[in-house]
Protein chains: 2
Amino acid sequence: MSTNKPTLHTCLSPALLNLYDVNNSIVVIIDILRATSTIASALYNGAKCVIPVDSVSRCIEVYGNSPFEYPKEFIENKTLVLTTTNGTRLLQMALDKSAEGIITGAFVNLSSVCDYLVEMNQNVILGCAAWKDRVNMEDTLFAGAVIARIKKQFHINCDSSNMAETLYNDGKKDLFEFMKKNNASHYHRLMGFGLEKDIRYCLTADEANVLPAYRDGKLLVS
Amino acid sequence: MSTNKPTLHTCLSPALLNLYDVNNSIVVIIDILRATSTIASALYNGAKCVIPVDSVSRCIEVYGNSPFEYPKEFIENKTLVLTTTNGTRLLQMALDKSAEGIITGAFVNLSSVCDYLVEMNQNVILGCAAWKDRVNMEDTLFAGAVIARIKKQFHINCDSSNMAETLYNDGKKDLFEFMKKNNASHYHRLMGFGLEKDIRYCLTADEANVLPAYRDGKLLVS
């Protein structure tokens, strides 16, 4: 390698995480629809912290997992316990592999994520939470958005990253239409639940521009 | 599912194969640079059969793995033992999971693969051999090429497939330039070895349009 820049890789599924040098990297957990969008939104609206859990327990009946369920009046100074199977699993894997740092990323906090990664100047793994290990479009698109913005600061020799950036550049003019046109599976699933508003919000940049960082079991504003 | 069409999935890395219902499917092994391109070329030029092996043994010194090493005068009626780590591993995995059928696919035999899949009317897994489990661009592009051609005959609820098709449609006017522009890792590796001619050939449709099918340890023209 003829460069001193840190590396950046995109891991398209938790099942591929073991291919990457996690313990030397900052891992960005990406679960656009909707865990990491909701985490940023809750913290942006003043939640004290978010505790991600993977079991579908009673809390799913009490709290929803739409970013719109956490307006400031409701969430301020509260702790949110969020059930998120895919995101929590990836987070736990990153912890087990002693990641240098763990943050969560979503379109709603895109700028915070990018600014932080550039500032830290360390190796980065963009970790897509995917869906039961199956690669998904929206997490890949977000990885592409980060790469499009910060690639000059990193050494990238990773086809997953190159593909993600290409897809993002293809779709960036209207990500909602891109998801629709290309039959993204979660687009259909959430539209089926009448959640168009959620999808549109989760694909909008910087609506909840904070940086959730993981520490001692909790996600807190960094 | 409101359709009786068979399903089609794209598996972007051997490490993800266990997510799919292999034993009810025809698996297409894809290793564009260069194993499955070479397999089709050798059979097209009259090789009796190709035996894929995964160990890098003496045969790599005797035989090369460029499709140009097997002109008709050399290969006709001979058996080719081809070392291909990534492709062989995926093939073995598909065998272990009792795939309904196993064929190999490459741009050089794109039409044969598509015609066969449509004719069989069974579930399909497009299996990218990748590179040490890391997703690569050229195998994904080939999956996209197949999907672009035959998607109407299949039920596709698979973001990997949707992403592959989008990338292929983006790049199809000039796949070589697309690989170059998007920094595909194997583009750089093979160009570094002076193998531009190999890359261009391996990205060209139907130059060796036969259908290699796996039977009893060998790939034979179906």
Side-chain angles (χ1 to χ4, degrees), chain A residues 1-2 7-21 32-33 125 128 130-141 143-144 147-148 151 154-171 177-189 192, chain B residues 1-2 7-21 32-33 125 128 130-141 143-144 147-148 151 154-171 177-189 192:
Chain A
M1 236 187 290
S2 59
T7 62
L8 183 152
H9 290 93
T10 299
C11 175
L12 294 174
S13 161
L16 301 175
L17 191 66
N18 64 335
L19 302 174
Y20 303 96
D21 191 14
I32 299 301
L33 293 175
I125 295 169
C128 301
W131 178 257
K132 296 178 182 174
D133 282 340
R134 293 196 185 191
V135 173
N136 77 36
M137 195 173 288
E138 61 278 10
D139 295 350
T140 308
L141 284 171
I147 293 160
K151 66 179 174 182
F154 292 87
H155 175 77
I156 303 179
N157 180 19
C158 167
D159 276 10
S160 298
S161 295
N162 299 330
M163 288 161 49
E165 192 200 354
T166 304
L167 283 172
Y168 172 71
N169 284 331
D170 239 33
E177 278 305 313
F178 187 81
M179 293 275 287
K180 180 179 177 179
K181 185 182 76 178
N182 292 295
N183 285 310
S185 54
H186 291 174
Y187 169 86
H188 288 292
R189 190 172 60 85
Chain B
M1 234 188 293
S2 59
T7 62
L8 183 151
H9 290 93
T10 299
C11 175
L12 294 173
S13 160
L16 302 174
L17 190 65
N18 64 335
L19 302 175
Y20 302 97
D21 191 14
I32 300 300
L33 294 174
I125 295 169
C128 301
W131 177 256
K132 296 179 181 172
D133 282 339
R134 292 196 187 192
V135 174
N136 77 37
M137 194 173 289
E138 61 277 11
D139 295 350
T140 308
L141 283 170
I147 293 159
K151 66 180 174 181
F154 293 86
H155 174 76
I156 303 179
N157 180 18
C158 166
D159 276 10
S160 297
S161 295
N162 300 330
M163 288 161 50
E165 191 200 355
T166 305
L167 282 172
Y168 173 72
N169 284 332
D170 238 34
E177 279 304 313
F178 186 81
M179 293 276 287
K180 180 180 177 179
K181 185 182 76 176
N182 291 296
N183 284 311
S185 54
H186 290 173
Y187 170 85
H188 287 293
R189 190 173 60 85

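Below, read A as the first sequence line, B as the second, and so on, with proteins coming before strands; counting in each chain starts at 1. In this text the structure is predicted, and so the values were computed from the model without any measurement. Note that these values count all heavy atoms, side chains included, but never hydrogens, waters or copies made by symmetry.
The shortest side-chain heavy-atom distance between B:M163 and A:L167 falls under the 4.5 Å cut-off. Two residues are said to be in side-chain contact when any heavy atoms from C-beta on lie closer than 4.5 Å; B:L16 and A:V135 meet this criterion.
Residue B:K151 holds its NZ atom at 8.0 Å from CG of A:N183, rounded to the nearest 0.5 Å. The OG atom of A:S13 sits 9.5 Å away from atom CG of B:L12, with the distance rounded to the nearest 0.5 Å.
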Stepwise side chain to side chain contact (heavy atoms under 4.5 Å, CB included) test for B:D159 and A:H186: CA-CA 9 Å; B:D159 276 10; A:H186 291 174; 5.7 Å; no
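Using a 4.5 Å cut-off between heavy atoms, B:H188 makes no contact with chain A at all. The contact between A:T140 and chain B is made entirely by side chain atoms (from C-beta outward), counting heavy-atom distances below 4.5 Å. With a threshold of 4.5 angstrom between heavy atoms, A:K181 does not approach chain B through any atom at all.
A donor-acceptor pair under 3.5 Å is formed between the side chain of A:N162 and the backbone N or O of B:N182.
Taking A:N157, A:L141, A:D170 one by one and counting their heavy-atom pairs under 4.5 Å with chain B, the maximum is reached by A:D170. With chain A as the partner, the residue from B:W131, B:F178, B:Y20 showing the most heavy-atom pairs under 4.5 Å is B:Y20.
For A:D21, the side-chain contact (heavy atoms from CB on, under 4.5 Å) criterion is met by A:N23, A:N24, not counting sequence neighbours. With sequence neighbours excluded, no residue forms a ring-ring contact (aromatic ring centres under 6.0 Å, His included) with A:F154.
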